[in-house]
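Labels below follow one simple rule: chain letters A, B, ... track the order of the sequence lines, proteins then strands, and each chain is numbered from 1.
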Number of protein chains: 2
Amino acid sequence: MATRTRGPERRGEPLSRERIVEAAIELLDTAGEGGLTFRALAQRLATGPGAIYWHVAGKDELLSAATDAVVDGAMTTGTADTTPPEAIRALALGVFDAIDDHPWIGTQLARAPGQSPMLRIFERLGRQVQALGVPDDAQFTAASALLHYILGVGEQNATNARAVPDTNRADFLNAAAATWANLDPDEYAFTRNVADRLRDHDDRTEFVAGIDLILSGIAALQ
Amino acid sequence: MATRTRGPERRGEPLSRERIVEAAIELLDTAGEGGLTFRALAQRLATGPGAIYWHVAGKDELLSAATDAVVDGAMTTGTADTTPPEAIRALALGVFDAIDDHPWIGTQLARAPGQSPMLRIFERLGRQVQALGVPDDAQFTAASALLHYILGVGEQNATNARAVPDTNRADFLNAAAATWANLDPDEYAFTRNVADRLRDHDDRTEFVAGIDLILSGIAALQ
DNA sequence: ACCTGAACACCGTTCAAGT
DNA sequence: ACCTGAACACCGTTCAAGT
């Protein structure tokens, strides 16, 4: 829900929780996790660091509010006029892409245990699992497995995005493939074997392949 | 491999990378992720903060060295005279328990993309996937899915351990179950439904159930 | 070669003082 | 009620000086 005007040009408006969170997201997207600082944020909002504390309890709350806002935006797409597997794939890709756009939420999602963003994803997954006809006593396990896989890939993806800019992705994969191919044949026989596959690897399709793998395991539950 | 003597009583010995990493692990286990400080570490080693930098490049290197050491210890158990599924479960539980004992490695594992600890786990999983008879072109996906699931649960577990001491685990689950059961019936129909399951929930068995789910999906690949 | 510890450039957070 | 910005108590890291 980004409004038209953003950043310093809003200098005149009064401070508000909404504006603070918005500016925090910008800072996180632009300067990375390390870039979110109360001083930097205050400067962007043309105020002092102390002012922020009147609207927000502290850095943790600010981070989870920012995560909430982003995940919310990522989940409001698509009504469920599709089959359950398709809906699950769409849901999973929504989270995947959101993390791709905002790597910092990968780290953040993991830190919020039963908190709202994760719970919302869990609920959506669970409904589709139910629609899939999974027996009652296996639904929790199925939804959890999907969620954990999604979060696991998300975290990994966030780390990669942090380490390697998108534009260098191909070079990076080639370099990694070369490294893997040169590993000790005794200790890393398997990894050497699959090194080639890394070269034309696409994170997104590989991610979906994993989802499908779990879906096929879920199908076997019936 | 922890030696008999630990901590301050070693004050006489010269500083070494090994001793520093050992002390760092102690500090992380005792005081949590926030407890690892160059000043605290220096005090424990009866020296100044600057001395540590002669043996270790910085905090990041220190954290990954500590993670390496712990994961190494967790993986040297059990030779593979079992069936592949059993070996995979044992491997997964080894990582799970290591994270349970040292919650900070959960966070740390995610931060080391193609780094050694993750790669070692990947290799082990891959070998078993291969032994399972998975076709060549699906082995990467299968091993990756297992790894991501394991890391996803691990992260989650680390967060829980951070938030809730082990002794309060049962109380915490009951409270969570109560919260879930009181969620809005429209927005959280599924979550409400499975709330009961949380009460006698066991993280470890639930974790293995997820592994089995993925294994059954892998079995369908053949 | 290795260690010391003061110093530098940061943090998050607080709080008296202002409007 | 809301904002200001100096001040506090920390960080990781550096570096001249010592042995």
Side-chain angles (χ1 to χ4, degrees), chain A residues 7-68 104 107-108 111-112 159 162-163, chain B residues 7-68 104-105 107-108 111-112 162-163:
Chain A
E9 61 273 27
R10 273 195 176 204
R11 212 171 283 259
E13 297 180 29
L15 220 46
S16 71
R17 200 185 143 90
E18 201 200 8
R19 270 190 72 210
I20 292 172
V21 171
E22 195 183 314
I25 292 174
E26 269 183 53
L27 217 39
L28 285 162
D29 287 345
T30 310
E33 274 145 303
L36 180 60
T37 282
F38 276 81
R39 283 172 181 79
L41 194 55
Q43 201 193 344
R44 215 185 182 81
L45 294 165
T47 182
I52 298 167
Y53 282 87
W54 201 90
H55 300 273
V56 153
K59 195 171 188 182
D60 282 349
E61 195 195 298
L62 185 54
L63 274 165
S64 54
T67 306
D68 261 36
W104 49 273
T107 324
Q108 211 45 38
R111 288 190 197 287
T159 310
R162 220 173 294 143
Chain B
E9 62 272 27
R10 273 193 172 206
R11 213 172 283 260
E13 298 181 27
L15 220 45
S16 70
R17 201 185 144 88
E18 200 199 10
R19 270 192 72 209
I20 292 172
V21 171
E22 194 182 314
I25 293 174
E26 270 183 52
L27 218 38
L28 285 162
D29 287 344
T30 311
E33 274 145 301
L36 180 60
T37 281
F38 276 82
R39 283 171 180 79
L41 195 56
Q43 199 191 346
R44 215 185 180 84
L45 294 164
T47 180
I52 298 167
Y53 281 88
W54 202 90
H55 300 272
V56 153
K59 196 171 188 182
D60 282 349
E61 195 194 297
L62 185 54
L63 274 166
S64 54
T67 307
D68 261 36
W104 49 273
I105 71 170
T107 324
Q108 212 43 38
R111 287 190 196 288
R162 220 173 295 144

Asks: For A:His55 and D:dA1, what is the distance between atoms NE2 and P respectively, to the nearest whole Å?
Replies: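 Interatomic distance, NE2 of A:His55 to P of D:dA1: 13 Å.
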
Asks: Rounding to an integer number of Å, can you tell me how far A:Leu15 CG sits from C:dT19 P?
Replies: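 These atoms are roughly 19 Å apart.
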
Asks: Where the side chain of B:Arg39 is defined as all heavy atoms beyond and including C-beta, which of D:dT13, C:dT13, C:dC3 is the nearest nucleotide?
Replies: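 Taking heavy atoms from C-beta onward, the closest nucleotide is D:dT13.
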
Asks: May I ask which nucleotide in the shown strands pairs with C:dA1, Watson-Crick or G-U wobble, both distances under 3.5 Å?
Replies: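 Looking at the geometry, C:dA1 pairs with D:dT19.
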
Asks: Mind listing the closest non-hydrogen atom pair of B:Arg44 and B:Thr30 along with its distance?
Replies: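 For B:Arg44 and B:Thr30, the tightest heavy-atom pair comes out as NH2-OG1, 4.5 Å.
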
Asks: Once you round it to whole Å, what is the distance between P of C:dC11 and NZ of A:Lys59?
Replies: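 Answer to the nearest Å: 9 Å.
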
Asks: Could you check which of D:dA6, C:dC2, D:dG12 has an atom nearest any side-chain atom of B:Thr37?
Replies: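 Ranking D:dA6, C:dC2, D:dG12 by closest atom to the B:Thr37 side chain puts D:dG12 first.
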
Asks: Could you tell me which non-hydrogen atom of A:Ile52 sits nearest to which non-hydrogen atom of A:Ala42, and how far apart they are?
Replies: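 For A:Ile52 and A:Ala42, the tightest heavy-atom pair comes out as CD1-N, 3.8 Å.
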
Asks: Rounded to the Å, how far apart are A:Ile20 CD1 and C:dT13 P?
Replies: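 In whole Å, C:dT13 P and A:Ile20 CD1 are 13 Å from each other.
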
Asks: Both A:Ala51 and A:Phe38 contact DNA chain C. Which one's nearest nucleotide lies toward the 5' end?
Replies: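 Nearest-nucleotide comparison on DNA chain C picks A:Phe38.
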
Asks: How many Å lie between CG on A:Leu41 and P on C:dC11, as a whole number?
Replies: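 So the two atoms are 12 Å apart, to the nearest Å.
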
Asks: Return the value, rounded to whole Å, for the distance between atom CH2 of B:Trp54 and atom P of C:dG5.
Replies: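 Checked: the CH2 to P distance equals 19 Å.
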
Asks: Where is the tightest heavy-atom contact between B:Gly58 and B:Tyr53, given as atom of each residue plus distance?
Replies: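 For B:Gly58 and B:Tyr53, the tightest heavy-atom pair comes out as CA-CE2, 4.1 Å.
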
Asks: Using the side-chain heavy atoms of A:Tyr53, tell me which of these nucleotides is nearest: D:dG12, C:dG5, C:dT13.
Replies: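 Nucleotide nearest to A:Tyr53's side chain: C:dT13.
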
Asks: Measure from CD1 on B:Ile52 to P on D:dC15 and round the result to the nearest Å.
Replies: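 For the pair B:Ile52 CD1 and D:dC15 P, the rounded distance is 17 Å.
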
Asks: Rounded to whole Å, how long is the line connecting atom CD of B:Gln43 with atom P of D:dG12?
Replies: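 So the CD-P distance, B:Gln43 to D:dG12, works out to 14 Å.
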
Asks: Provide the Watson-Crick or G-U wobble partner of C:dC11, both distances under 3.5 Å; none if there is no partner.
Replies: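 Partner of C:dC11: none.
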
Asks: Assess the residue pair B:Leu28 and B:Leu63 against the criterion (side-chain contact (heavy atoms from CB on, under 4.5 Å)); give the C-alpha distance rounded to whole Å, side-chain angles, the decisive distance to 0.1 Å, and a yes or no.
Replies: CA-CA 9 Å; B:Leu28 285 162; B:Leu63 274 166; 4.1 Å; yes

Asks: Please tell me if the side chains of B:Leu36 and B:Leu62 come closer than 4.5 Å, counting only heavy atoms from C-beta onward.
Replies: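 Answer yes - side chains close enough.
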
